[in-house]
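First up is the structure itself, then whatever we jot down about it.
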Amino acid sequence: MPEQSRRVAAKLHTHPLFQKAHKILIYNALWDEVNVLDGYDLSHTDKTFILPTVVGDGLELHRFTYGTQTRIGAFGITESLGEAETDYDSIDLAIIPGRAFTPDGRRLGRGKGYYDRLLPSLHCPTIGICYPFQLLDDIPTEPHDHTVDEVITTEQ
């Protein structure tokens, strides 16, 4: 899936919302997720990326730029040791992972609810990105599940 990951990531990188955003919430991909920064040169950008860190039942946000130190955190996910980001209103765009999405933005996560608790605090556009096989016509949802504004894959 590395080639497909690069194609989906490239589509994200050329998206107008990504192009104009200065501060972007991203995620570090697990083996079955699109690598958001695949092919993106962190050393030559004026963008600030924000990575979530699992703390208890929630997510803390930390800045991640070229050279920022990281560690392996909860669930084997790489987390930023950069400065904490507490000004959620300054985030211009949020890229949200999921196990599956529907074209209208419904999202199936991993069942812990981390992003469902975070999303109400964000006041920016949200984009889910996924492989084509993760885009489904319907998925089970609960009343507490939050949707994303748009979904990007290579098949759209």
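Because only heavy atoms are used, hydrogens play no part in the values below, and waters and symmetry mates are left out as well, while side chains stay in. Because the structure is a prediction, the values reported are computed rather than measured.
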Next on the checklist: Distance to the ring centre below 6.0 angstrom and angle to the axis at most 45 degrees; does that hold for R117 and Y114?
Outcome noted: yes

Checklist outcome for this item: Closest non-hydrogen atoms of R6 and D38, given as atom of the first, atom of the second and distance, are CG-OD2, 3.1 Å

Checklist entry - Can you name the salt bridge (Lys or Arg N to Asp or Glu O under 4.0 Å) partners of E150, sequence neighbours left out? => result none

Checklist entry - Side chain of D92, backbone of H22: donor and acceptor closer than 3.5 Å? => result yes

Checklist entry - Taking the side chain from N28 and the backbone from T78, do they hold a donor-acceptor pair closer than 3.5 Å? => result yes

Checklist entry - Any donor and acceptor pair, going by atom type alone, linking the side chain of E79 with main-chain N or O of R71 inside 3.5 Å? => result no

Item to check | side chain to side chain contact (heavy atoms under 4.5 Å, CB included) between Y88 and L25, worked out | outcome: CA-CA 10 Å; Y88 289 12; L25 173 66; over 6 Å; no

Checklist entry - Has Q69 got more than 12 heavy atoms of other residues, nucleotides or ligands less than 6.0 Å from its CD? => result no

Item to check | Contact summary for S80 and G82, nearest pair of heavy atoms | outcome: OG-N, 2.9 Å

Checklist entry - For N35, does its backbone N or O pair with a side-chain atom of S5 as donor and acceptor, under 3.5 Å? => result yes

Next on the checklist: The test is side chain to side chain contact (heavy atoms under 4.5 Å, CB included); show your working for I129 and Y27 and say whether it passes.
Outcome noted: CA-CA 11 Å; I129 63 172; Y27 61 89; 3.6 Å; yes

Checklist entry - Any donor-acceptor pair under 3.5 Å linking the side chain of H62 with the backbone of L81? => result no

Next on the checklist: To check you understand the geometry: which heavy-atom pair defines the closest contact between Y131 and E33, and what is its length?
Outcome noted: OH-O, 3.4 Å

Checklist outcome for this item: d(T154 OG1, I152 CD1) to nearest 0.5 Å is 11.0 Å

Next on the checklist: Using 0.5 Å steps for rounding, measure from the CD1 atom of I50 to the NZ atom of K23.
Outcome noted: 5.5 Å

Checklist outcome for this item: Between V151 and C130, the two heavy atoms sitting closest are CG1-SG, 3.9 Å

Checklist entry - Above 12 or not: heavy atoms from other molecules or residues under 6.0 Å from CG of D87? => result yes

Next on the checklist: I'd like to check the salt bridge (Lys or Arg N to Asp or Glu O under 4.0 Å) partners of D104; sequence neighbours left out, ordered by chain and number.
Outcome noted: R106

Checklist entry - Hey, what do you get for OG1 (T141) to NE2 (H146), rounding to the nearest 0.5 Å? => result 12.0 Å

Item to check | Side-chain touch T65/L42, heavy atoms, less than 4.5 angstrom | outcome: no

Next on the checklist: Tell me which pairs pass side-chain hydrogen bond (donor to acceptor under 3.5 Å, both in side chains) where either residue lies in residues 43-57, with sequence neighbours left out.
Outcome noted: Y40-T45, D41-S43, D41-H44

Item to check | Donor-acceptor contact below 3.5 Å, side chain E60 vs main chain P52 | outcome: no

Checklist entry - If only atom types and distance count, is the side chain of T126 paired as donor or acceptor with the main-chain N or O of A94 below 3.5 Å? => result no

Checklist entry - Looking only at atom types and distance, does a side-chain atom of H123 sit under 3.5 Å from a main-chain N or O of I91, one as donor and one as acceptor? => result no

